[in-house]
Amino acid sequence: MFAGLPALSHEEQQKAVERIQSLMAQGMSSGEAIALVAKEIRETFTGEAIPVRFEDDDEPES
């Protein structure tokens, strides 16, 4: 499977981490916080995307 991931600057990455930590401090689970922040980034990101291939999604395990 191929996916385009947003290419975030170090500053943008740090802000995302701080947002996740803030949501967790408010009682949200880490998984929910990460999913929410990832969704927000995908919805608002206007920069370039990095093509990524997830090999484990291409072939079923035997």
Side-chain angles (χ1 to χ4, degrees):
M1 173 175 102
F2 287 91
L5 298 177
L8 301 178
S9 69
H10 181 267
E11 182 180 345
E12 291 167 326
Q13 291 174 31
Q14 188 63 37
K15 286 180 182 179
V17 168
E18 290 169 3
R19 173 98 167 103
I20 291 166
Q21 291 171 335
S22 173
L23 291 168
M24 290 172 58
Q26 296 172 31
M28 188 177 283
S29 74
S30 59
E32 289 174 313
I34 291 167
L36 177 62
V37 171
K39 181 177 181 271
E40 291 171 354
I41 290 169
R42 283 188 213 100
E43 289 175 349
T44 61
F45 190 76
T46 58
E48 214 174 301
I50 301 170
V52 178
R53 181 171 191 246
F54 296 95
E55 293 182 19
D56 59 331
D57 290 339
D58 285 344
E59 299 177 21
E61 292 184 25
S62 48

Same apolar cluster (I L V M F W Y, side chains within < 4.5 Å links), Met24/Val37
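Same cluster: Met24 reaches Val37 through Ile, Leu, Val, Met, Phe, Trp or Tyr contacts under 4.5 Å.
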If hydrophobic clusters are built from ILVMFWY residues whose side chains come within less than 4.5 Å, do Leu36 and Ile34 share one?
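Both belong to a single hydrophobic cluster.
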Compare every heavy atom of Ala16 with every heavy atom of Ile41, then report the nearest pair and how far apart it is.
CD1-CB, 4.0 Å
Could you tell me which non-hydrogen atom of Ala33 sits nearest to which non-hydrogen atom of Leu23, and how far apart they are?
CB-CB, 3.9 Å
Could you name each residue pair satisfying salt bridge (Lys or Arg N to Asp or Glu O under 4.0 Å) that touches residues 22-35, not counting sequence neighbours?
none
Looking only at side-chain N and O atoms, does Ser22 offer a donor or acceptor that is under 3.5 Å from a partner on Glu18?
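No donor-acceptor contact under 3.5 Å links the two side chains.
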Sequence-distant partners of Gln13, side-chain hydrogen bond (donor to acceptor under 3.5 Å, both in side chains), two or more places apart
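Expected list: none.
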Residues which pass salt bridge (Lys or Arg N to Asp or Glu O under 4.0 Å) with Glu40, listed by chain and number, not counting sequence neighbours:
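In terms of salt bridge (Lys or Arg N to Asp or Glu O under 4.0 Å), with neighbours along the sequence ignored, Glu40 is linked to Arg19.
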